[in-house]
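In what follows, a structure is listed as structure tokens, so that the remarks can point back to it.
Residue numbering restarts at 1 for every chain, and letters A, B, ... go by the order of the sequence lines.
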Protein chains: 2
Amino acid sequence: MSEPTQADNVLMDFDLLKKLVVGIGEVADISGVPQRQIRYWEDKGIIRSVKEGEGSTRKYDYLNIKKVLLVKELLDDGFTLDAAARKVEERMKTINDAFSRLSGNKGQSE
Amino acid sequence: MSEPTQADNVLMDFDLLKKLVVGIGEVADISGVPQRQIRYWEDKGIIRSVKEGEGSTRKYDYLNIKKVLLVKELLDDGFTLDAAARKVEERMKTINDAFSRLSGNKGQSE
DNA sequence: ACAATGATTGTAGATTTGTTACAATCTAGG
DNA sequence: CCTAGATTGTAACAAATCTACAATCATTGT
């Protein structure tokens, strides 16, 4: 009950991962999707950012970064944005599941 | 060879995790350590940020965020900053290991 | 052809966030 | 008390992001 084990570290990873939110610039860098486009997708309700305060900047959590990556992939594959959005929504169910199972599953409701 | 499996998703997690870098404000929020102090620790060489361009802002990757959390913990425990730094360096070896093992271990050299 | 819709992109001006480089303060030990 | 270690404050500046306009471009239906 003193030195944390490796297992502890791995588990803590997901705990931390849940809290990690990155700016739109980072998402653009990681995904290759321009900021402008990311905002557009968010306007359409396909992805969602967390806004901490009132007039603050967008922050994207892990799952939404994943969404961006998936949507991009599907667009490149030739799907329309709407179709991609629908498909991603399907896939996210699985990912959400795996994610909350790994992270100790507190409610992933609203 | 079409629909990714859950295993794929899990593995991709670490791939993505490696690329995630967040601003100093986020690190401060997550850790509770003031930005000012985070910069101080960085000046002392305890943590390290990645700087993309020349005159750009600090970004912290997963491992350095972890470092911040660990240092904070140790300080709260009553260690001096130097002692905490040394202890953290020890611990990071393990974490680095586990991390690169999980993420498909490309060289974590310099 | 042309209108309509979907999707993307451009940009100016304002706001938020982060930087540096100074210096002041606080604290534990000798 | 004095010193080195550690933290904190802040002003002036630079980088990143925001919003709200609008233009562009491709696809599809008439």
Closest non-hydrogen atom pair, [X] against [Y]:
X     : Y     : result
B:E73 : B:R91 : OE1-NH2, 4.4 Å
B:A83 : B:T80 : N-OG1, 3.1 Å
A:S49 : A:R58 : OG-CG, 3.5 Å
B:A28 : B:Q35 : CB-CG, 3.9 Å
A:I30 : B:K19 : CD1-O, 4.0 Å

Of all of residues 51-60 of chain B, which get a heavy atom below 4.0 angstrom from DNA chain C, listed by number?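 Nucleic-acid contacts, sorted: B:K51, B:T57, B:R58.
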Within residues 79-86 of chain A: residues closer than 4.0 Å to DNA chain C (heavy atoms):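 Result for residues 79-86 of chain A: A:T80, A:L81, A:D82, sorted by number.
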Between the side chains of B:Y60 and B:E42, does any donor sit under 3.5 Å from an acceptor?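 Yes - a donor-acceptor pair under 3.5 Å links their side chains.
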Apply the side chain to side chain contact (heavy atoms under 4.5 Å, CB included) test between A:K59 and each candidate in A:V50, A:I24, A:V22; give the one that qualifies.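 Result for side chain to side chain contact (heavy atoms under 4.5 Å, CB included) with A:K59: A:V50.
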Provide, to the nearest angstrom, the distance between the [atom1] atom belonging to [X] and the [atom2] atom belonging to [N].
X     : N      : atom1 : atom2 : answer
B:E42 : C:dT20 : CD    : P     : 9 Å
A:I46 : C:dG6  : CD1   : P     : 12 Å
B:D43 : C:dT20 : CG    : P     : 8 Å

Can you tell me how far the CG atom of B:L81 sits from the CG atom of B:L74, to the nearest 0.5 Å?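 Rounded to the nearest 0.5 Å, the CG-CG separation comes out at 10.0 Å.
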For DNA chain D, which nucleotides open and close the run of contacts to chain A, 5' to 3', at under 4.0 angstrom from a non-hydrogen atom?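 Boundary nucleotides touching chain A, in 5' to 3' order, are D:dT17 to D:dA22.
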Are the charged groups of A:E89 and A:K67 less than 4.0 angstrom apart, N to O?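 The answer is yes: the pair qualifies as a salt bridge.
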Can you tell me which residue among A:K87, A:K93, A:R86 is in a side-chain hydrogen bond (donor to acceptor under 3.5 Å, both in side chains) with A:E90?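 It is A:K93, the one option of A:K87, A:K93, A:R86 that forms the side-chain hydrogen bond (donor to acceptor under 3.5 Å, both in side chains) with A:E90.
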ILVMFWY cluster, B:V27 and A:I65 together (side-chain gap under 4.5 Å):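 Yes: a chain of side-chain contacts under 4.5 Å links B:V27 to A:I65.
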Answer yes or no: does a side-chain N or O of A:Q37 lie under 4.0 Å from OP1 or OP2 of C:dA7?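 So the side chain of A:Q37 is outside the cut-off, no N or O lying under 4.0 Å from OP1 or OP2 of C:dA7.
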On the nucleotide C:dT20, are OP1 or OP2 found under 4.0 Å from the side-chain N or O atoms that B:R39 carries?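 So the side-chain polar atoms of B:R39 never come under 4.0 Å of the phosphate oxygens OP1 or OP2 of C:dT20.
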Of B:G25 and A:L75, the one whose closest DNA chain C nucleotide lies more 5':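 With B:G25 and A:L75 compared, the 5'-side residue is A:L75.
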